Structure formats: structure tokens, C-alpha cells
Amino acid sequence: MRMLFVYNADSGRLNSWLDIGHKLLSPDTYSCNLCSLTHGLLTEREEWRNYRESASDELVFLHRDEFERECGEGCAFNYPVILREQEGGGYETLLSAEEIDGFGELAELIERLQQL
């Protein structure tokens with residue numbers, strides 16, 4: 001299974017620096033809980049890296065703008081989102097933005113992913 005993790009952030013160095021500043025100055029208003037759970041200020045969390053490296057599924061990580069370029073017109077998702085790429089095209093939502101926002105700890109996210 002190919003799982004796509006789409007962050008509620010855009011790609012690029014400037015956007016990365018803006019995200020870091022936002023996390024640092026106002027973490028309660030940061031708009032991507034997937035980013036907050038899986039990454040610290042500057043690096044990927046070790047627990048997340050361990051999960052990612054041991055996963056049996058193909059995991060693909062994209063920023064919102066990268067996904068929308070790949071997906072094309074007609075993709076309407078609230079970000080962040082975790083999707084399954086379907087055979088023949090299209091995507092199935094595995095975890096919605098609302099579900100991701102409900103996780104308070106990385107361990108909760110990993111446990112839920114292992115159930116999929």
C-alpha cells in the first residue's frame with residue numbers, strides 16, 4: 001500500500017523558516033499537527049524516524065503545494081491528511097485533518113497508523 005502524508009505547509013526554504021518561526025513563537029496556532037507530531041523545531045523526531053523506517057507500506061511525504069501539483073485539479077482535501085493511493089487512480093482518506101488534529105502525542109498517531 002502507498003500512503004501519502006500531506007502536510008499543511010508549502011515546500012521551499014523560505015516556507016520552512018516561516019514554519020520554524022511559527023512553531024517557536026506561537027505553537028498553539030500552528031496549522032499542521034502532522035508536522036508538530038512528527039518533527040521538532042529543526043529535525044524529524046527519532047520515534048517517528050524509527051516508525052517510518054520500519055513500516056512495511058510505502059510512505060510518501062509531500063507538502064500541500066507538491067501534492068496539489070501531483071494530484072491536479074479536482075483534489076479537495078483539508079490538510080494535513082493521510083491518504084491511500086488507489087489502484088486505477090484517486091485517493092482514499094485514511095486519516096482526516098480532524099482526526100490528525102485530535103492526536104496529542106506522536107505515539108497515538110503511530111498506534112493508529114499501525115491499525116490501518
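Here the structure is a predicted model, which is why all the values come from computation and not from measurement.
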_If you define the side chain from C-beta out and look only at heavy atoms, does anything of Leu59 sit under 4.5 Å from Arg2?_
no
*asked:* Give me the atom names and distance for the closest heavy-atom approach of Glu105 to Leu37.
replied: C-CD2, 3.6 Å
_Under 3.5 Å: donor-acceptor pair, side chain of Glu111, backbone of Glu108_ = no
*For the residue pair Arg64 and Phe77, establish whether any side-chain heavy-atom pair is separated by less than 4.5 Å.*
no
*Looking at side-chain heavy atoms only, is the closest gap between Leu62 and Tyr7 below 4.5 Å?*
no
*Does the side chain to side chain contact (heavy atoms under 4.5 Å, CB included) test come out yes or no for Thr43 and His39, once each step is laid out?*
CA-CA 6 Å; Thr43 61; His39 290 74; over 6 Å; no
_The test is side chain to side chain contact (heavy atoms under 4.5 Å, CB included); show your working for Leu109 and Thr38 and say whether it passes._
CA-CA 9 Å; Leu109 172 62; Thr38 61; 4.1 Å; yes
*Which atom pair, heavy atoms only, marks the closest approach of Pro80 to Leu34?*
CB-CB, 3.7 Å
*So which heavy atom on Ile100 is nearest to which on Leu95, and how close?*
CD1-O, 3.8 Å
*Could you name each residue pair satisfying side-chain hydrogen bond (donor to acceptor under 3.5 Å, both in side chains) that touches residues 52-62, not counting sequence neighbours?*
Glu44-Arg52
*Kindly give the heavy-atom pair with the smallest separation between Leu94 and Arg84, and that separation in Å.*
CD2-NH2, 3.5 Å
*Glu46, CD: over 12 other non-hydrogen atoms inside 6.0 angstrom*: no
*Answer yes or no: are there more than 12 heavy-atom neighbours, outside Glu87 itself, under 6.0 Å from its atom CD?*
no
*Main-chain N/O of Glu99 paired to Ser96 side chain as donor or acceptor, under 3.5 Å*: yes
*Under 3.5 Å: donor-acceptor pair, side chain of Glu68, backbone of Asp65*: no
*Run through Trp48, Tyr79, Phe67 and flag the one making a ring-ring contact (aromatic ring centres under 6.0 Å, His included) with Phe5.*
Trp48
_Are the side chains of Ile82 and Val6 in contact, using a 4.5 Å heavy-atom criterion?_
no
_Nearest non-hydrogen partners of Ser36 and Arg45, listed with the distance_ = O-NH2, 2.9 Å
*Are any of the side-chain heavy atoms of Glu92 and Leu83 separated by less than 4.5 Å?*
no
*Of the non-hydrogen atoms in His63 and Glu66, which two are nearest, and what is the gap between them?*
N-OE1, 2.7 Å
_Heavy-atom check, side chain of Val60 versus side chain of Glu85, under 4.5 Å_ = no
